[in-house]
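All values derive from a computational prediction rather than experimental measurement.
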Amino acid sequence: MKQLSQFDSIFVYNESNSTPLHISPILIYDPSSAPDGIVRYKDILAKFNERIHKSPVFRRKLVRVPFNLDSPYWVEDKNFDLEFHVRHIALPQPGDWRQFCILLARLHSRPLDLNRPPWEAYIIEGLDNITGLPSGCFAMYLKIHHSAIDGATGNQIIEALHDLGPDNVIISEPDQWRGEDDPSQFALLKNAYFNVFKSPRKLSKAIKHAFKSRKEEHKGYGGKAFTSHSVKDRTRFNNAVTPHRVFGGLRMDLQELKYIKNTVGECTLNDVLLSIVGGAMRSYLESKNELPTNSLVAGVPISTRTETNANAEGGNEVAGMRLHLRTDIADPIERLKLIHSDAMASKAYANAIGVERISTIVNSIPSGLASLGMRVAASTGLSSKAPVLHTIVTNVPGPAFPMYMCGAKAMLWLGAGAPLDGAGLFHTVNSYFGSVSLTFICCREMLPDPDFYHQCINTAFRDLLNAAKTLDHNAQLASAKTSRSRTANKTTAPSKPRARKVVSKT
C-alpha cells in the first residue's frame, strides 16, 4: 500500500464525467514485419501478461480515505483481471483516418473505472485506408489515469511493453507480485489523523518556499526580465467542457522541422511547434471572426524529474510555465522569433522561482483542505470563469529507434491529453523514429469542425516551412552576391609593382 502524493491526488479530486483525467499514448503498427505477417489478439494479451510486472501501474487500484480527509492510497488489486483491461475492437469499413479519429474521441470521452486499476488498452484492427500507412495496420490505444503517470513515466511503460526488433524477446524473470486486501476504514482514518500532525511542518515549509519564490518573482518583474502572461481575452476554448470530444492531428517530418529551426536560428524545435500551434489557432479563430487582439497564452508542462527519480515507478513530477503563442502576429518567422524570446524569459522565470517548489507547496497543503477546495472549484466552475491559459501544449519525446509489438513495427506514435474546464483544447506533440506528430483533443462543442482545424495546423506548418525556405533562399542569394563581389574586386584590382632585387657588383 502506497499513498499518493498531494500533487497526484489533484487528478483524483478533479475527476468528473465531463473532465475524465486520463492521458493516452496511441500507436499504429504494420504487422507485415511479424512472423507470417499476422499478429493475433492472444499474442498481444500474452505480451502484456509477460511484461506487466515491469510497472506497478498496471495492477494497483485507488482506495479513497473516507470523506477525502487524506490523500488516496494505491493498493495491489488481488482481483486483477488482465482481460478486463485489454480489449479487442475493429474499425468499420473503409477504415480511414476520419473513422479512426471519431473512434478515439469516443473512447477518450469515457471515464475510467476508478474501482479497478485505472487503465485500459484497446487493440483496434481494420486500419486499411489511412494515407501514408500500409493496408492491414492495427492500433493500440492505451489510456491511463493521470494520477498514475505523467508523460515521462507513460513513455517508460510503452517502451517496457515493446521489443527493439521484430524477433519476440521472452522475458524470463520471475513475477513476484502479490495482491493485498483493501485497508479498513479505521486504518485509513487513523493514518489521516496522524498525518494531520505533519501539516504544520508542511505548511511552514510551503510558506518558506512561497516567500522565496515571490521575492524572486518581484525582482524579475521589477527588472523587466519577466513578462506577464495573464489572459486578457476569453475565447471559445475558455468555457466549461462537455463530456463529448473530437480528436485529430497530423504527422510531420522531423528533418523539415529541424530545417526550419536551423534556418531561422536562435530557436528550438519546441519553439517551432509552438509557432505552428499559434498559427493554427490564429487561422481558426480568425475564420470565426473571434481572434483576440492580444496574444493567446499556452500552458506548457515541464518535467521536474532529476537523475535520482528518472526511473520512478509512476506518479507525476511536472510543473508548468505559460507562453505567448503570438497569435497577434501574422508573419510566421516573426511569430517564431517572438515565441523563442518569450520562452527564454519564461525559462528564466521558472528557474528563478524554482519549478520544483510548486509541487512542494502543493504537497504541503493539508489533504482534507485541498480536496475540499478542489471540489468547490470544480462545482462552481471557477476554472472556466477565471481562465489562466487558452490551450495546453505538451511535448513528449519518444525514442529515435523503431519499436515492435509481437513483431509488428510501430509506424506512428500519437498522444491525447485531458481537456479541462477553462482549457478545452489540448495539443500533444510526440516525436518517434524520424517523425513528429501534433495531435489535438477538444470539447466537441468548442471545436465542432475538427477536420478544418486539422487543415489549419497543416497550413500553419506549410506556411512556416515555405517562409523558412524563402529566408534560406534569400540568404544564399546574398551570400552568392557577396562572394561574386569579392571575386570581382580581386580580379579588377590593379596589381602592385613587384620590387626589383638589386645586386651590387664588386
* Kindly state each residue pair satisfying salt bridge (charged side-chain N to carboxylate O under 4.0 Å, His left out) with at least one member in residues 437-454, sequence neighbours excluded. => Lys288-Asp449

* Tell me, which pairs form a salt bridge (charged side-chain N to carboxylate O under 4.0 Å, His left out) where one or both residues lie in residues 269-286, sequence neighbours left out? -> Arg282-Glu286

* Among Phe84, Trp119, Trp177, the one residue meeting ring-ring contact (aromatic ring centres under 6.0 Å, His included) with Phe58 -> Trp119

Compute whether any side-chain donor of one residue and acceptor of the other, for [X] and [Y], lie under 3.5 angstrom apart.
{"X": "His85", "Y": "Tyr122", "answer": "no"}
{"X": "His88", "Y": "Glu125", "answer": "yes"}
{"X": "His324", "Y": "Asn294", "answer": "no"}

[X] side chain to [Y] backbone, donor-acceptor under 3.5 Å:
{"X": "Thr327", "Y": "Leu296", "result": "yes"}
{"X": "Gln99", "Y": "Gly95", "result": "yes"}
{"X": "Asn129", "Y": "Pro94", "result": "yes"}
{"X": "Lys143", "Y": "Arg110", "result": "yes"}
{"X": "Asp150", "Y": "Thr153", "result": "yes"}
{"X": "Asn238", "Y": "Gly422", "result": "yes"}
{"X": "Ser287", "Y": "Tyr284", "result": "yes"}
{"X": "Thr428", "Y": "Thr439", "result": "no"}

Taking C-beta and beyond as the side chain, do [X] and [Y] meet within less than 4.5 Å on heavy atoms?
{"X": "Ile26", "Y": "Leu104", "result": "yes"}
{"X": "Arg51", "Y": "His162", "result": "no"}
{"X": "His340", "Y": "Met344", "result": "yes"}
{"X": "Ile276", "Y": "Leu257", "result": "yes"}
{"X": "Phe461", "Y": "Ile260", "result": "yes"}
{"X": "Val12", "Y": "Leu62", "result": "yes"}
{"X": "His22", "Y": "Ile144", "result": "no"}
{"X": "Ile329", "Y": "Leu338", "result": "yes"}

* Drop me the distance from Leu465's CG to Thr470's OG1, to the nearest 0.5 angstrom. => 9.5 Å

* **Inter-residue atom distance Cys101.SG - His454.NE2, 0.5 Å rounding** => 8.5 Å

* Using a strict cut-off of less than 4.0 Å between a Lys/Arg side-chain nitrogen and an Asp/Glu carboxylate oxygen, indicate whether Arg326 and Asp342 qualify as a salt bridge. => no

* Begin with the C-alpha distance, continue with both residues' side-chain angles, and end with the deciding distance and a verdict on side chain to side chain donor-acceptor pair (under 3.5 Å) for His108 and Ser24. => CA-CA 8 Å; His108 203 74; Ser24 300; 3.2 Å; yes

* On the 0 to 90° scale, with breaks at 30° and 60°, tag the Phe7-Phe11 ring pair as parallel, tilted or perpendicular. => perpendicular

So does [X] have more than 12 non-hydrogen atoms from other groups sitting under 6.0 Å from [atom1]?
{"X": "Arg40", "atom1": "CZ", "answer": "no"}
{"X": "Asn474", "atom1": "CG", "answer": "yes"}
{"X": "Lys261", "atom1": "NZ", "answer": "yes"}

Please tabulate, for side-chain N and O atoms in residues 390-414, each donor-acceptor pair with protein atoms closer than 3.5 Å (sequence neighbours left out).
{"unit_1": "His390", "atom_1": "ND1", "unit_2": "Val297", "atom_2": "N", "d": "2.8"}
{"unit_1": "His390", "atom_1": "NE2", "unit_2": "Asp233", "atom_2": "O", "d": "2.6"}
{"unit_1": "Thr391", "atom_1": "OG1", "unit_2": "Leu425", "atom_2": "O", "d": "2.7"}
{"unit_1": "Thr391", "atom_1": "OG1", "unit_2": "His427", "atom_2": "ND1", "d": "3.0"}
{"unit_1": "Asn395", "atom_1": "ND2", "unit_2": "Asn270", "atom_2": "OD1", "d": "2.9"}

* Asked: What residues, two or more places apart in sequence or in another chain, satisfy ring-ring contact (aromatic ring centres under 6.0 Å, His included) together with His145?
  -> none

* To do: Kindly write out the residues that satisfy ring-ring contact (aromatic ring centres under 6.0 Å, His included) with Phe433, not counting sequence neighbours, or none if the list is empty.
  => none

* Arg116 charged N/C atom sitting above Phe80 aromatic ring, 6.0 Å / 45° -> no

* Identify whether NZ of Lys or CZ of Arg in Arg234 sits under 6.0 Å from the centre of the six-membered ring of Phe237 and within 45° of that ring's axis. => no

* Before giving the answer on salt bridge (charged side-chain N to carboxylate O under 4.0 Å, His left out), spell out for Arg236 and Glu290 the whole-Å C-alpha distance, their side-chain angles and the decisive distance to 0.1 Å. => CA-CA 8 Å; Arg236 60 170 56 213; Glu290 298 173 4; 2.9 Å; yes

* Checking side chain to side chain donor-acceptor pair (under 3.5 Å) for the pair His146/Asp8: CA distance, chi angles, key distance, verdict? -> CA-CA 8 Å; His146 215 329; Asp8 292 341; over 6 Å; no

Mind listing the side-chain donor-acceptor pairs of residues 240-248 below 3.5 Å, one per line with the distance, residues two or more places apart or on another chain?
{"unit_1": "Thr242", "atom_1": "OG1", "unit_2": "His244", "atom_2": "N", "d": "3.3"}
{"unit_1": "Arg245", "atom_1": "NH1", "unit_2": "Thr242", "atom_2": "O", "d": "2.6"}
{"unit_1": "Arg245", "atom_1": "NH2", "unit_2": "Ser18", "atom_2": "O", "d": "2.6"}

